[in-house]
Enquirer: 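Quick one: the structure is below, and I'll ask about it shortly.
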Amino acid sequence: MGHHEHDHHPPMPPGTLVAGHLPAIPALVRRRPRIAVVGGSLTGPVLALLLIQAGFDQVAVYEANPDLPTATGGVLSLEHTALDVLDRLDIAQHEYVKDGFETITQIRGYGPHDQRHRRRTYPGRFTTWTLLHHALAARLPTGVVQHGRRIADMTAERGRPMLHFTDGGREPADLVAYCDGRTSVGRRLLDPARRLHYAGYIAHRGTASTRPDDLDDFQRWEPCPGVQFNLAPVPGGADWIFFLNATAQQYTDWFGAPPRQRVYATTAQVSPAARDHVDAQAAAHLPAHLADLVHATSGRAALPVLDIAPPTRMAWPVGDGHACLLGDALAPPRAHTARGAVNGIEQADGLVTALRQHTRHGADLTGALLGWRRRHLLTAVAAVRQGPTIGARLGLGTRIDRP
Ligand SMILES: Cc1cc2nc3c(=O)[nH]c(=O)nc-3n(C[C@H](O)[C@H](O)[C@H](O)COP(=O)(O)OP(=O)(O)OC[C@H]3O[C@@H](n4cnc5c(N)ncnc54)[C@H](O)[C@@H]3O)c2cc1C
């Protein structure tokens with residue numbers, strides 16, 4: 001047994017400096033900051049797990065949806081950077097990647113002949129929201145996530161950010177990390193000029209309980225301009241997304257509220273008229289076996305495709321503390337970019353790197369957050385810009401109707 005010098009010292013309050021024993025850094029940074037993570041879907045839990053792994057012991061996740069543990073979602077792509085973060089969290093890949101394909105097959109009905117049928121390698125793997133969310137949630141220590149707690153506002157009190165909940169509760173924090181998705185309250189509070197705009201088309205979604213025999217990777221059907229149909233195997237069947245142009249008025253008629261108000265239409269909100277329209281488009285544009293698959297799918301949903309101005313910042317001072325935006329809260333990219341989950345996970349990883357330098361080595365926190373922005377902002381901007389470019393190439397998004 002070695003000799004433990006510090007055993008001879010009397011107990012000290014945390015943060016006390018002892019010459020010769022601790023590195024000469026300000027006492028303040030030795031206090032572990034209190035970190036509030038807003039949103040418990042994907043970006044939030046990844047951030048919380050990385051923080052806990054890095055030794056941050058005052059982490060709370062506030063999730064608005066009381067039923068999120070029973071929620072389900074469809075196919076998601078994860079590039080190698082994101083997969084590597086999950087590796088580092090010791091989450092076995094087979095837990096969330098059930099079909100190990102690495103390719104995307106594109107079947108196009110127009111354009112140059114050599115580009116009509118192509119199989120490309122995707123630099124990553126495919127999971128589903130359900131699989132990934134459960135793999136993450138299962139690893140969060142009990143008590144870290146508080147479900148059914150919706151943030152309504154944030155103020156600065158006694159120099160620190162103070163979160164206000166719709167249930168009347170209040171919680172202070174040193175750092176607030178908003179991972180609260182497309183309709184982020186954090187973005188509304190911190191960056192109010194950046195609002196969502198309807199892009200002029202809809203992602204109609206379905207989870208089929210059967211799988212076409214030939215479906216062994218991610219299929220992307222583009223029969224004519226203005227129509228894209230994505231199909232991927234998922235546990236128990238196949239997941240499809242059918243992108244079709246529609247005016248904001250059509251969206252409202254079909255799903256009961258305007259696009260910016262109803263950013264996700266559940267199965268119950270999909271009207272018979274919406275279902276008929278999708279079935280008719282499938283019959284008109286897709287091979288018979290896929291039109292039949294669409295027709296037979298009872299589990300439907302829809303999302304209006306929404307754009308947002310590119311972000312210019314990722315972190316803001318709040319009193320002497322900070323608040324930042326990550327994932328879809330920072331900038332929700334269009335689904336075609338396949339960057340949504342990847343951006344959030346990369347940003348969470350980068351944020352923990354910055355915070356570790358701050359607490360371990362006394363790095364200036366504002367500077368560390370600027371470095372974080374420098375490494376991740378351009379990627380977020382690129383994804384947001386890429387969406388309309390891809391949409392235009394596909395004939396999706398009319399841009400004439402954007403209330
Ligand atoms: C149930 C569910 C299913 C999904 N399915 C798919 C899918 O099939 N395919 C796909 O591409 N993407 C899906 N997504 C979206 C996908 O997770 C994101 O596009 C992306 O991965 C980035 O995730 P995120 O964690 O940053 O944001 P999100 O996944 O949007 O998560 C934001 C979270 O914040 C919570 N929240 C929002 N406002 C507040 C508030 N004021 N206070 C507290 N909490 C708040 C929300 O309830 C949500 O859980 C799904 C999201 C959810 C929640």
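Every number for a ligand or one of its atoms is a count from 1 in the order of the listing.
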Enquirer: Could you find the nearest protein heavy atom to atom 27 (O) of ligand 1 and give me its residue, atom name and distance?
Expert: Gly181 CA, 3.6 Å

Enquirer: Please determine if Gly340 has a nitrogen or oxygen closer than 3.5 Å to a nitrogen or oxygen of ligand 1.
Expert: no

Enquirer: Please confirm whether Cys179 approaches ligand 1 to less than 4.0 Å, judged on its heavy atoms.
Expert: yes

Enquirer: What is the closest protein heavy atom to atom 2 (C) of ligand 1, and at what distance does it sit?
Expert: Trp129 CE2, 3.4 Å

Enquirer: Does Val75 come within less than 4.0 Å of ligand 1, judged by its heavy atoms?
Expert: yes

Enquirer: Roughly how far, to the nearest 0.5 Å, is the CG atom of Leu303 from the CZ atom of Arg334?
Expert: 13.5 Å

Enquirer: Can a donor-acceptor pair be found, under 3.5 Å and without considering hydrogens, that links the side chain of Ser271 to the backbone of Trp254?
Expert: yes

Enquirer: For atom 42 (N) of ligand 1, what's the nearest protein heavy-atom neighbour? Residue, atom name and distance, please.
Expert: Ile151 N, 3.0 Å

Enquirer: With side chain to side chain donor-acceptor pair (under 3.5 Å) as the test, would you mind laying out the steps for Gln249 and Thr247 before giving the verdict?
Expert: CA-CA 5 Å; Gln249 188 58 51; Thr247 64; over 6 Å; no

Enquirer: At what distance is the nearest protein heavy atom to atom 28 (P) of ligand 1, and which residue and atom is it?
Expert: Ser41 OG, 3.6 Å

Enquirer: In terms of residue, atom name and distance, what is the protein heavy atom nearest to atom 9 (N) of ligand 1?
Expert: Arg205 NH1, 3.1 Å

Enquirer: Nearest protein heavy-atom contact for atom 25 (O) of ligand 1: which residue, which atom, what distance?
Expert: Thr43 N, 3.0 Å

Enquirer: So which protein heavy atom does atom 8 (O) of ligand 1 come closest to, and at what separation?
Expert: Gly74 N, 2.5 Å

Enquirer: How are the rings of Phe229 and Phe242 set relative to one another: parallel (under 30°), tilted (30 to 60°) or perpendicular (over 60°)?
Expert: perpendicular

Enquirer: Find out whether Leu231 and Leu293 are in side-chain contact, i.e. whether some heavy atom of one side chain is under 4.5 Å from a heavy atom of the other.
Expert: yes

Enquirer: Counting the benzene-type ring for Trp, do Phe218 and Tyr122 have ring centres under 6.0 Å apart?
Expert: no

Enquirer: Do Arg300 and Val294 come close enough that some side-chain heavy atom pair is under 4.5 Å?
Expert: yes

Enquirer: Can you confirm, on distance only, whether ligand 1 has an N/O atom lying under 3.5 Å from any N/O atom belonging to Leu42?
Expert: yes

Enquirer: Please tell me if the side chains of Phe255 and Pro304 come closer than 4.5 Å, counting only heavy atoms from C-beta onward.
Expert: no

Enquirer: Short question: side chain of Asp180, backbone of Val185 - any donor-acceptor pair under 3.5 Å?
Expert: yes

Enquirer: Can an N or O of Gly44 be found at a distance shorter than 3.5 Å from an N or O of ligand 1?
Expert: no

Enquirer: Counting both backbone and side chain atoms, is some N or O of Asp328 under 3.5 Å from an N or O of ligand 1?
Expert: yes

Enquirer: For ligand 1 and Glu63, I'd like to know whether there is a polar contact (N/O to N/O, distance under 3.5 Å).
Expert: yes

Enquirer: Which residue pairs pass the side chain to side chain donor-acceptor pair (under 3.5 Å) test when at least one of the two sits in residues 210-219, sequence neighbours left out?
Expert: Asp99-Arg211, Thr103-Asp217, Thr105-Asp217, Arg119-Asp216, Arg119-Asp217, Gln219-Trp221

Enquirer: Under 3.5 Å, side chain of Arg188 to main-chain N/O of Thr183, donor-acceptor pair present?
Expert: no

Enquirer: Give the atom numbers and elements of ligand 1 that come within less than 4.0 Å of a heavy atom of Val38.
Expert: 42 (N), 43 (C)

Enquirer: Distance under 4.0 Å to a non-hydrogen atom of Ala71: what atoms of ligand 1 satisfy this?
Expert: 1 (C)

Enquirer: Should you measure from each heavy atom of Leu76, which atoms of ligand 1 turn up under 4.0 Å away?
Expert: 9 (N), 10 (C), 11 (O), 12 (N)

Enquirer: Pull out every atom of ligand 1 sitting under 4.0 Å from any heavy atom of Tyr62, numbered as shown with elements.
Expert: 43 (C), 44 (N)

Enquirer: As an exercise, identify every atom of ligand 1 less than 4.0 angstrom from a heavy atom of Gly73.
Expert: 3 (C), 5 (N), 8 (O)

Enquirer: Does His133 have a non-hydrogen atom less than 4.0 Å from ligand 1?
Expert: no

Enquirer: What atoms of ligand 1 come closer than 4.0 angstrom to any heavy atom of Ala341?
Expert: 20 (C), 21 (O)

Enquirer: Using modelled atom types only, decide if a donor and an acceptor are shared between the side chain of His358 and the backbone of Ala363 within a distance under 3.5 Å.
Expert: yes

Enquirer: Is the His204 ring parallel, tilted or perpendicular to the His277 ring (thresholds 30°, 60°)?
Expert: tilted

Enquirer: Return a yes/no value: protein heavy atom under 4.0 Å from atom 15 (C) of ligand 1?
Expert: no

Enquirer: State, with a plain yes or no, whether a side-chain heavy atom of Leu325 is found less than 4.5 Å away from one of Met314.
Expert: no

Enquirer: For ligand 1, is there an N or O atom under 3.5 Å from any N or O atom of Ala64?
Expert: yes

Enquirer: Below a 4.0 angstrom heavy-atom separation, can you tell me which part of Asp180, side chain or backbone, both or neither, approaches ligand 1?
Expert: both

Enquirer: Can you label the angle between the Tyr198 ring and the Tyr251 ring as parallel, tilted or perpendicular, going by 30° and 60°?
Expert: tilted

Enquirer: Say whether Thr72 and ligand 1 are in contact under the criterion: heavy-atom distance to a ligand atom below 4.0 Å.
Expert: yes

